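Here is the structure we will look at.
All values reported here derive from a predicted model rather than from experimental measurement. Order of appearance sets the numbers: ligands from 1, and atoms from 1 within every ligand. Just so you know, these numbers use all the heavy atoms, side chains as well, and skip hydrogens, waters and symmetry mates.
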Amino acid sequence: MSQDQQKRAAAQAALDFIEPGEIVGVGTGSTTNFFIDALASVKGKVDGVIASSQASADRLQALGLPVLDLNRTGDLSLYVDGADEANAHLQLIKGGGGALTREKIVASASRRFVCIIDASKLSDHLGSFPLPVEVIPMAQSLVARKLIAMGGQPELRIDCTTDNGNVILDVRNLDLTDPLTMESQINLLAGVVDNGLFAARRADVLLVGRDDGVNQMTI
Ligand code: 5RP
């Protein structure tokens with residue numbers, strides 16, 4: 001199977017987690033786009049969706065799915081999203097598409113987070129993918145210096161403004177052996193909005209598209 005076929009298979013498998021009449025949280029990215037397309041084929045089953053980015057909201061709306069406001073829906077039962085990297089503890093690096101803050105908000109509001117990935121995203125130790133950090137623009141240099149002091153190599157993502165009007169620093173070389181601690185340490189830096197480590201709110205279910213089908217991992 002190609003990588004796209006693996007992504008599509010994982011996305012299709014996530015449909016099984018939807019209960020009729022619920023509001024589903026929907027992430028961002030190419031794997032999630034396969035999920036959005038699959039969701040559109042059963043759109044009568046859901047009462048609406050919460051989107052983690054403007055790009056996903058536009059795609060959902062174009063396919064006729066009602067996009068709702070999280071401030072009006074309250075907690076959700078299900079969130080479906082991709083990831084850039086995942087370990088066996090279902091901790092993730094996300095934010096390759098720049099939507100990490102809204103993704104973490106919707107994941108936090110959801111009782112179950114089903115993460116859909118292709119097999120290339122699985123790794124023994126998080127850190128092959130540079131960690132995205134969303135930063136308020138005036139703090140860009142300050143935060144970059146602090147991240148260097150923490151051992152990281154930050155690089156400003158070019159031509160990227162997040163849906164929240166901020167910039168992204170992609171950080172290599174951080175020691176992510178304790179993702180939970182690193183997630184909170186980075187978020188303590190003044191000017192950081194959030195970072196792409198999903199350890200405090202990791203996935204509950206990981207659906208991994210492989211050559212021989214979809215493998216389900218849980219915690
Ligand atoms: C966007 C994300 C995506 O889930 C992540 O980048 C994976 O994307 P793709 O499914 O295109 O590989 O976190 O901010």
- Do me a favour and list the nearest non-hydrogen protein atom to atom 10 (O) of ligand 1 with residue, atom name and distance? Thr31 OG1, 2.5 Å
- Message: Under a plain distance cut-off of 3.5 Å, with no hydrogens placed, do Asp211 and Gln6 share a side-chain donor-acceptor pair?
- Response: yes
- Item | For Asp84, the ligand 1 atoms whose distance to one of its heavy atoms is below 4.0 Å | 5 (C), 6 (O), 7 (C), 13 (O)
- Item | For Ala99, the ligand 1 atoms whose distance to one of its heavy atoms is below 4.0 Å | 14 (O)
- Which ligand 1 atoms are under 4.0 Å away from a heavy-atom of Gly82? 4 (O)
- Which one of Lys104, Arg201, Gln91 satisfies the side chain to side chain donor-acceptor pair (under 3.5 Å) criterion with Glu183? Lys104
- Message: Quick check against the 3.5 Å criterion: does Arg202 have a side-chain atom that pairs as donor or acceptor with the backbone of His89?
- Response: yes
- Task: Find the distance between OG (Ser41) and CG (Asp37) and round it off to the nearest 0.5 Å.
- Result: 9.0 Å
- Message: Looking only at the side chains, is there a donor atom on one of Asn166 and Glu134 sitting less than 3.5 Å from an acceptor on the other?
- Response: yes
- Query: Is ligand 1 less than 4.0 angstrom away from at least one heavy atom of Ala83?
  - Reply: yes
- Atoms of ligand 1 close to Glu103 [distance to a heavy atom under 4.0 angstrom, numbered from 1]: 1 (C), 2 (C), 13 (O), 14 (O)
- Query: Below 3.5 angstrom, do we get any N/O pair linking Gly29 and ligand 1?
  - Reply: no
- Query: At their closest point, which heavy atom of Leu122 faces which heavy atom of Arg210, and how far apart are they?
  - Reply: CD1-NH2, 3.6 Å
- Do Arg157 and Asp170 sit within salt-bridge range, that is, some charged N less than 4.0 Å from a carboxylate O? yes
- Message: If only side-chain N and O atoms count, and only distance matters, is there a donor-acceptor pair under 3.5 Å linking Asp81 with Thr32?
- Response: yes
- Are the side chain of Gln3 and the backbone of Ser120 linked by a donor-acceptor contact shorter than 3.5 Å? no
- Item | Close-contact set for ligand 1 against Thr28 heavy atoms, below 4.0 Å | 1 (C), 2 (C), 3 (C), 4 (O)
- Note on the structure: ligand 1 atoms nearer than 4.0 angstrom to some heavy atom of Gly95 are 2 (C), 13 (O), 14 (O)
- Message: Can you name the atoms of ligand 1, numbered from 1 with element, that are less than 4.0 Å from a heavy atom of Gly96?
- Response: 6 (O), 13 (O), 14 (O)
- Should you measure from each heavy atom of Lys7, which atoms of ligand 1 turn up under 4.0 Å away? 12 (O)
- Side chain, backbone, both or neither: which part of Asp81 comes within less than 4.0 Å of ligand 1 when only heavy atoms are counted? side chain
- Query: Is it true that the NZ or CZ of Lys7 lies under 6.0 Å from the centre of Phe34's six-membered ring and within 45 degrees of the ring axis?
  - Reply: no
- Going by the 4.0 angstrom heavy-atom rule, the piece of Ser53 near ligand 1 is neither
- Identify which of Ser30, Ser52, Cys115, Gly27 has a heavy atom lying nearest to atom 9 (P) of ligand 1. Ser30
- Identify the protein heavy atom lying closest to atom 12 (O) of ligand 1, giving its residue, its atom name and the separation to 0.1 Å. Lys121 NZ, 2.7 Å
